[in-house]
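Here the structure is a predicted model, which is why all the values come from computation and not from measurement. This chain uses plain numbering: 1 for the first residue, then up along the sequence.
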Amino acid sequence: MAGKDKEAIVICLDVSSSMNQAPPGYATPLESSLDVITLILQRKVFAESKDEVCLILFGTAGTANHLADDGQYEYITEARPMAPVNLDLIKYVKQEITPGPASADCVDVLVIALDCLHNTLQAGKFTTSRIILFTNLGGAFSDDKLDQVIGGIKSLGTDVNLIGPSLDDDDDEDGAQNGSDEAGPSTSSGHRGRQPHQKEKTPQQRAGGKLMKHILDEVGGEHYGVQEVLPLLSFFDKKAVRQTPWKINLEIGSELKIPVCGYLKVKESTVKSWKSIYIKGKGKEYKPQTIRSKHLNNDEETEVEKEDHVEGFRYGNDIIPISEEDKKNMGYQNPGKVLQVLGFSKQENIKRQHYMGNSVYCFAADPNDRHGGVALSALINALYETNSVIIVRRAYSKASSPRLGFLSPHIKAKYESLMYTELPFMEDIRQYTFSSLTKSKKHQPTDAQLSAVDDLIDNMDLTNAMENEDGEKEEEALKPKVTCNPLIQRLCHCLMHRALNPDDPLPDIQEVIANYLQPPQALATECEPYAQKVKDLFKLEVVKKKEEQVGDSLWKDSDTNQTGPAAKKAKVEDGGDAADFSMAGLAKGAVTEVGTVDPVGDFKKIISQKDEDKFQEASRQMQDRINQLVRDSFGSSFYNKALECLKVLRQESAQLGEPEQFNTFLRKLKEELQQNFKKGFWQEIVKAGVTLISSGESSETTVTKDEAKQFLEAAEDKEEDQPPPQAEEDADDLLDMME
């Protein structure tokens, strides 16, 4: 396993004079090749790759290679031996490589590269090898060693990549450096702001193209143009980590256990943390240490020893000390490594907003247990056919707290698995009650507005936003598998720029990263008329900011200080959440119960609290206050107040989707009023038209509009059939009786 997934790479770069020719304003083939090599090396650094790279230059003024003898293999220099990629190599490529005056044979370069790989692979540290050749094929060559080169490549199993001009005879396809496409984004202060120059191939380049095409066809090599490679290399890769399966038994009851292996399918990627390091001298590195101490708040600032520290929790005005032994005894005893089935449920019962966690696990059958694989396959297919999921209890290790999650079936052509997603506990869920957006008729959208928004959403669909090879829009845009995190890419870009250019300011954001932060250009253009239609149909108005209360307005009552009629107060939004800056409001504090002084205000304040849903309790208290006001009313003195409470209760019940509780109360109230001879209040209810909440006002009830209307009409008919009740005695009658 020592050389697992480790590659030996030989980079061969042509630095001859033909690689340094381009008109003003254009990048030379050498400059474009250096940019590509820099990107390759940068990706190796940030991925913390164990691959090793050797750099060979041909076309140099001198000769420095291990095969040079008697005028053979001239003008070829082994610039860097086989070694892991480091910053020194990147700086050498960026700053020290210069064009050479001579021309070297590219076939000779392949011979030296193969000999270098042969010597390197003998150590057994590498599993694969690769030769990357950068040239414009403008130099002389010989084919006397051609069979030797092809045989050597096949025997070593080496991959060969040529990065240069097109190997076809047609010049109009890729040009001299395959530069028909626009230059790719730069990750350093390179030359990609300029296009490579396109010119007609020379006879020498055509002959060299045929030779290289023959070699690539024989060994199964690949050819790429510079402008084809640049966008692919412009993104940094993170370190590749070989996954270790999490082996566990899926426990179903106390008897059935299925061995499974868990693999991380998706996990949120984070950048590496910053480290504080003090460097003294070249190659010597010292990590600073942080020493903390605690001192008493006295004149001597006496230090408190670590063994005298104890944690405490504030309980009211007291501090309760908790020792380490207490924490250990009161702590939860973790169950250890476990994956236990708690039950089964339908897929539709798992709401999307309840998905939690920063990762998704993929559980597959243990390859060493054939019977367990059959059992797991049967379970997965049964879940798929019944559209069900498994609710499980999972703990990664003995030190981990148990988590709640669900396993959903995932069936593909080549494998079957269960996907684990974490679910919340009760304490993790936040309950909020929001007012309806369409409770007012003026806020209800028209059919034209709904249609315009539907069209905008349909045309902004990313699932079929990209064109395929046939020009049809059938490919998804911004696929997660091919979309890089802009934050990580920007960070790597800035770090590499700072390493290579310590005195320069940080570069601007790359164009390719900036494009990720914007919708696809073609999609935005197509959606522009639909967005304009939405803008025209939804008129936006500037809302003036309310003036803040100043000191004087906090301590005076504007209504009582004016000699004339009371000033007209600003209209308060429905919900009554406006701040009360009066002395009474400041002293009142939080409202927890519906009182008799201002029951409507208390009720609205309780149900407007967003930390938890208190509507059920507030509604019950409001019902009690209505009954109390009617029962304690002297004649009809409290009827208006009770009727106002009933109207507000009905309005909020319909608005918040709780109609059944109000309808039940109103039916019960009707019976009690008939029995307690409080028909006068019922007549006020009928006159105000306060009836049952119908399905037209709330979708949570089955009461129709006709039933709601008949509820009041039936009461009127019943009152007409009964003899009029005896008039209630008033205060004057009582005084007459006393006399």
Side-chain angles (χ1 to χ4, degrees), residues 1-13 33-58 65-66 77-94 96-97 109-110 112-135 152-163 187-188 190 216 219-224 226 228-244 269 271-272 484 488-489 491-493 495-496 499-500:
M1 292 291 181
K4 186 68 175 178
D5 298 332
K6 190 174 181 180
E7 187 175 40
I9 303 174
V10 178
I11 298 178
C12 304
L13 175 62
S33 298
L34 289 175
D35 285 336
V36 175
I37 296 174
T38 302
L39 289 175
I40 293 175
L41 300 179
Q42 289 177 2
R43 286 166 60 92
K44 296 292 183 184
V45 169
F46 283 106
E48 301 181 37
S49 174
K50 301 298 183 181
D51 299 344
E52 296 188 11
V53 175
C54 171
L55 179 62
I56 299 177
L57 307 179
F58 60 102
N65 63 80
H66 65 283
T77 301
E78 296 181 18
R80 285 289 187 273
M82 188 71 69
V85 180
N86 52 31
L87 191 59
D88 290 337
L89 177 58
I90 298 177
K91 289 182 177 179
Y92 176 80
V93 172
K94 291 290 295 181
E96 299 184 27
I97 294 181
V109 174
L110 292 177
I112 295 176
L114 286 172
D115 191 71
C116 178
L117 287 175
H118 176 73
N119 298 332
T120 302
L121 296 177
Q122 285 182 343
K125 297 191 304 180
F126 303 93
T127 56
T128 59
S129 59
R130 183 183 304 274
I131 296 176
I132 306 177
L133 179 63
F134 292 85
T135 179
I153 294 174
K154 289 181 178 180
S155 63
L156 293 178
T158 302
D159 296 327
V160 179
N161 300 133
L162 171 64
I163 299 180
T187 58
S188 61
L216 296 179
V219 301
E222 298 289 341
H223 165 262
Y224 304 97
V226 171
E228 181 183 0
V229 173
L230 282 174
L232 301 178
L233 297 176
S234 296
F235 300 104
F236 298 101
D237 288 336
K238 292 193 66 177
K239 180 180 179 180
V241 180
R242 183 173 177 265
Q243 282 210 46
T244 302
S269 180
V271 297
K272 298 187 68 173
C484 300
I488 297 177
Q489 298 299 318
L491 177 62
C492 295
H493 180 205
L495 287 176
M496 184 55 64
L500 298 176

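- Leu114 and Ile131 get closest at one heavy-atom pair: CD2-CD1, 3.9 Å.
- Listed for the Asp159 side chain is no donor-acceptor partner under 3.5 Å among the backbone atoms of Arg130.
- Inter-residue side-chain proximity for Met496 and Ile90 is flagged as met; some heavy-atom pair is nearer than 4.5 Å.
- Nearest heavy atoms, Glu7 versus Phe126: C-CD2, 3.5 Å.
- Between Lys91 and Leu500, the closest side-chain pair of non-hydrogen atoms falls below 4.5 Å.
- A distance of 4.0 Å separates OG1 of Thr120 from CE of Met82, quoted to the nearest 0.5 Å.
- The shortest side-chain heavy-atom distance between Val93 and Ile11 does not fall under the 4.5 Å cut-off.
- In this structure, CZ on Phe134 lies 4.5 Å from CD1 on Ile37, to the nearest 0.5 angstrom.
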Residue pair Lys6, Glu52: steps toward the side chain to side chain contact (heavy atoms under 4.5 Å, CB included) verdict: CA-CA 8 Å; Lys6 190 174 181 180; Glu52 296 188 11; 3.6 Å; yes
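- Looking at heavy atoms from C-beta onward, Gln42 lies out of side-chain contact with Leu233 at the 4.5 angstrom threshold.
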Could you walk me through whether Gln489 and His493 satisfy the side-chain hydrogen bond (donor to acceptor under 3.5 Å, both in side chains) test, starting with their C-alpha distance in whole Å, then the side-chain angles of each, then the deciding distance to 0.1 Å, before giving a yes or no? CA-CA 6 Å; Gln489 298 299 318; His493 180 205; over 6 Å; no
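- Summarising the geometry, atom CG belonging to Leu13 is positioned 7.0 Å from atom CZ belonging to Phe58; distances are rounded to the nearest 0.5 Å.
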Test side chain to side chain contact (heavy atoms under 4.5 Å, CB included) on Leu216 and Val160; report intermediate values, then the result. CA-CA 7 Å; Leu216 296 179; Val160 179; 3.9 Å; yes
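- The CG atom of Leu55 lies 10.0 Å from the OG1 atom of Thr77; values are rounded to the nearest 0.5 Å.
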Step by step, would you call Ile56 with Val10 a side chain to side chain contact (heavy atoms under 4.5 Å, CB included)? CA-CA 7 Å; Ile56 299 177; Val10 178; 3.7 Å; yes
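- Using a 4.5 Å heavy-atom cutoff, the side chains of Leu39 and Val36 are not in contact.
- Atom NE2 of His118 is surrounded by 12 or fewer heavy atoms from other residues, nucleotides or ligands within 6.0 Å.
- Here the straight-line distance linking atom CD1 of Ile488 with atom CZ of Phe46 works out to 11.5 Å at 0.5 Å rounding.
- Across Arg43, Lys44, Lys125, a single residue satisfies salt bridge (charged side-chain N to carboxylate O under 4.0 Å, His left out) together with Asp51, and that is Lys44.
- In this structure, the separation between OG on Ser49 and CD1 on Ile40 is 12.0 Å, given to the nearest 0.5 Å.
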Does the side chain to side chain contact (heavy atoms under 4.5 Å, CB included) test come out yes or no for Ser33 and Ile163, once each step is laid out? CA-CA 8 Å; Ser33 298; Ile163 299 180; 5.9 Å; no
